[in-house]
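Taking it in order: structure first as structure tokens, then the write-up.
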Amino acid sequence: MSDAGVPIIDPTADLVNGPGFGRLTVQEVYDQIEADLKEGYDGLEGFSRPDKTVINQNIAAGYLARFYLLSKDYTKAIQFAEIAKSAGSLAADQLLDGFQYISNPEWLWGADINGDTSSIYASFFAQMQSYSPVQKSAIGVTPGYTGQLGHHRTVDVRLYNAVASTDVRSNWFGPDNGFIDQPKEGQIYNYKFYDDTFFEADYVYMRVAEMYLIIAEAKASSGDDAGAAQELFDLVSTRDNAYTRSTNSGSSLMEEIKLHRRIELWGEGFGLLDMKRWDVGLVRDFEGTTHPNSPSSFFNIPAGDARFTFQIPETEINLNDAITPADQNQ
């Protein structure tokens with residue numbers, strides 16, 4: 001926690017003529033994040049939001065749960081995840097809806113996209129959906145960079161093979177179903193996200209399932225194997241009727257929790273921080289790999305490698321008097 005973090009800017013300072021702000025320690029940055037989130041949480045007490053596009057105290061609690069899981073304060077991670085979880089409910093019968101409707105009861109917070117707010121080809125679905133049944137039938141193509149240019153977001157074959165056939169989430173991933181535009185042999189495609197409209201599908205920012213997984217990981221990390229296994233069962237049994245409460249313990253139970261987190265939250269933006277928190281590397285070069293053999297992406301990155309850390313932008317180095325090239329992450 002004593003490693004160099006990012007600068008924290010004093011908004012009352014003279015940002016043009018005054019001195020720059022240097023890098024604080026990771027602990028100091030964490031302290032500021034916690035203080036800001038707690039201030040937001042306390043400030044939202046009693047607020048009743050009009051709809052799920054607006055943050056309320058439950059969503060602030062979800063952010064605190066994420067923060068405390070990252071900072072390894074597992075008691076508080078569980079506490080705030082429980083608060084966030086109470087704002088939604090699990091709905092396995094809506095897991096195959098394309099993740100396009102904010103009305104889904106599993107969604108805690110999201111964006112209600114319409115024709116005025118859609119960013120069309122700069123949208124999430126333009127980058128993510130490999131197959132839209134409605135659009136493919138109506139216009140003969142799945143709109144976006146995936147369908148029209150073949151730039152698909154594919155799934156690691158090891159993760160695909162790890163999903164039980166009795167699990168409804170097995171329908172989220174699979175080989176070419178005969179309707180993939182510009183398919184490549186051996187690739188596993190994403191059927192989790194699809195848009196029935198022309199880029200007016202809603203965006204999900206937080207789901208109740210994530211809170212179950214935070215609680216399970218936090219309990220396992222603090223030695224409560226029984227509680228962790230029960231929390232995992234409460235989630236996974238709604239996805240897989242054949243799933244039974246895990247009898248694993250210790251590291252084996254943690255690996256099971258990690259697996260279901262990877263399955264459940266695939267494509268929702270958690271991979272990088274999860275890999276850093278778990279101290280695991282990125283492996284794309286393995287026997288049976290389906291990753292494209294391209295020099296720009298076909299490589300392994302060991303755990304803890306500097307490539308897992310963002311570089312300081314050159315503009316920050318050039319304009320901030322308190323940061324020099326020597327401060328760059330190595």
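The shown structure was predicted, so the numbers you read here are calculated from the model rather than taken from an experiment.
A donor-acceptor contact shorter than 3.5 Å is absent between the side chain of Asn104 and the backbone of Tyr101. In this structure, Gln129 contributes its side chain and Ala126 its backbone to no donor-acceptor pair below 3.5 Å. Asp167 places no side-chain N or O within 3.5 Å of a backbone atom of Asp240 that could act as its donor or acceptor partner. Here the side chain of Ser132 pairs a donor or acceptor atom with the backbone of Asp195 at under 3.5 angstrom. Listed for the Glu106 side chain is a donor-acceptor partner under 3.5 Å among the backbone atoms of Ala91. Tyr194 places no side-chain N or O within 3.5 Å of a backbone atom of Thr142 that could act as its donor or acceptor partner.
Side chains of Glu256 and Ser246: a donor-acceptor N/O pair is present below 3.5 angstrom, by distance only. If you check the side chains of Thr117 and Asn114, you find a donor sitting under 3.5 Å from an acceptor. With hydrogens and angles left out, the side-chain atoms of Asn320 and Glu316 include a donor and acceptor closer than 3.5 Å. A donor-acceptor contact under 3.5 angstrom links the side chains of Asp51 and Thr53, judged on distance only. At a cut-off of 3.5 Å, with distance as the only test, no side-chain donor of Asp73 or Ser71 sits close to an acceptor on the other residue. For the residue pair Gln100/Tyr203, the side-chain donor-acceptor check at 3.5 Å is not satisfied. With no hydrogens or angles considered, a side-chain donor-acceptor pair links Thr25 and Glu28 at under 3.5 Å.
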- [ ] Any chance you could lay out the side-chain contact (heavy atoms from CB on, under 4.5 Å) test for Asp156 and Thr289, step after step, and finish with the verdict?
- [x] CA-CA 8 Å; Asp156 191 297; Thr289 184; over 6 Å; no

Open item on the list: Go through it in stages, so that I can follow the logic: the residues are Lys219 and Asp225, the test is salt bridge (charged side-chain N to carboxylate O under 4.0 Å, His left out), and I'd like the CA-CA distance, side-chain angles, deciding distance and then a yes or no.
Closed with: CA-CA 7 Å; Lys219 287 187 174 182; Asp225 287 348; over 6 Å; no

Task: Audit row: His260, Tyr243, ring-ring contact (aromatic ring centres under 6.0 Å, His included) steps and yes/no - done: CA-CA 12 Å; His260 283 287; Tyr243 181 76; 5.7 Å; yes

TODO: Applying side-chain contact (heavy atoms from CB on, under 4.5 Å), run through Leu90 and Arg239 and close with a yes or a no.
DONE: CA-CA 9 Å; Leu90 296 173; Arg239 276 73 172 127; 3.9 Å; yes

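Residues Leu37 and Glu34 fail the side-chain proximity criterion, which asks for heavy atoms closer than 4.5 Å.
Residues passing the salt bridge (charged side-chain N to carboxylate O under 4.0 Å, His left out) test with Glu82 are Lys85, sequence neighbours excluded.
Under the 6.0 Å cut-off for aromatic ring centres, Trp172 and Tyr191 do not qualify, their centroids lying 6.0 Å or more apart. Residues Tyr205 and Trp107 place their aromatic rings such that the two centres sit no closer than 6.0 Å. Aromatic rings from Tyr63 and Phe80 are positioned such that their centres are separated by 6.0 Å or more. Side-chain rings of Phe67 and Tyr30 approach one another, their centers coming within less than 6.0 Å.
A salt bridge is absent between Glu217 and Lys258; no separation between the charged side-chain nitrogens and carboxylate oxygens falls under 4.0 Å. Taking a cutoff of 4.0 Å between a charged side-chain nitrogen and a carboxylate oxygen, Glu45 and Lys38 do not qualify as a salt bridge.
Rounded to the nearest 0.5 angstrom, Thr244 OG1 and Asn241 CG are separated by 12.5 Å. Going from atom CG of Asp3 over to atom CZ of Arg23 covers 9.0 Å, rounded to the nearest 0.5 Å.
The environment of CZ in Arg262 is sparse: at most 12 heavy-atom neighbours from other residues, nucleotides or ligands sit within 6.0 Å.
In the hydrophobic cluster analysis, where Ile, Leu, Val, Met, Phe, Trp and Tyr join through side-chain heavy atoms closer than 4.5 angstrom, Val26 is grouped apart from Ile9.
Among residues at least two apart or in separate chains, there is no ring pair (Phe, Tyr, Trp, His ring centres under 6.0 Å) pair with a member in residues 271-326.
Between Trp266 and Met128, the shortest heavy-atom distance links the atoms CZ3-CE, 3.8 Å.
When hydrophobic side chains of Ile, Leu, Val, Met, Phe, Trp and Tyr are connected at separations under 4.5 Å, Ile215 ends up clustered with Ile78.
For Lys192 and Phe99, the positive end sits near the middle of the six-membered ring, less than 6.0 Å away and at most 45° from its axis.
Relative orientation of the His152 and Tyr189 rings is perpendicular, given thresholds of 30° and 60° on the angle between their planes.
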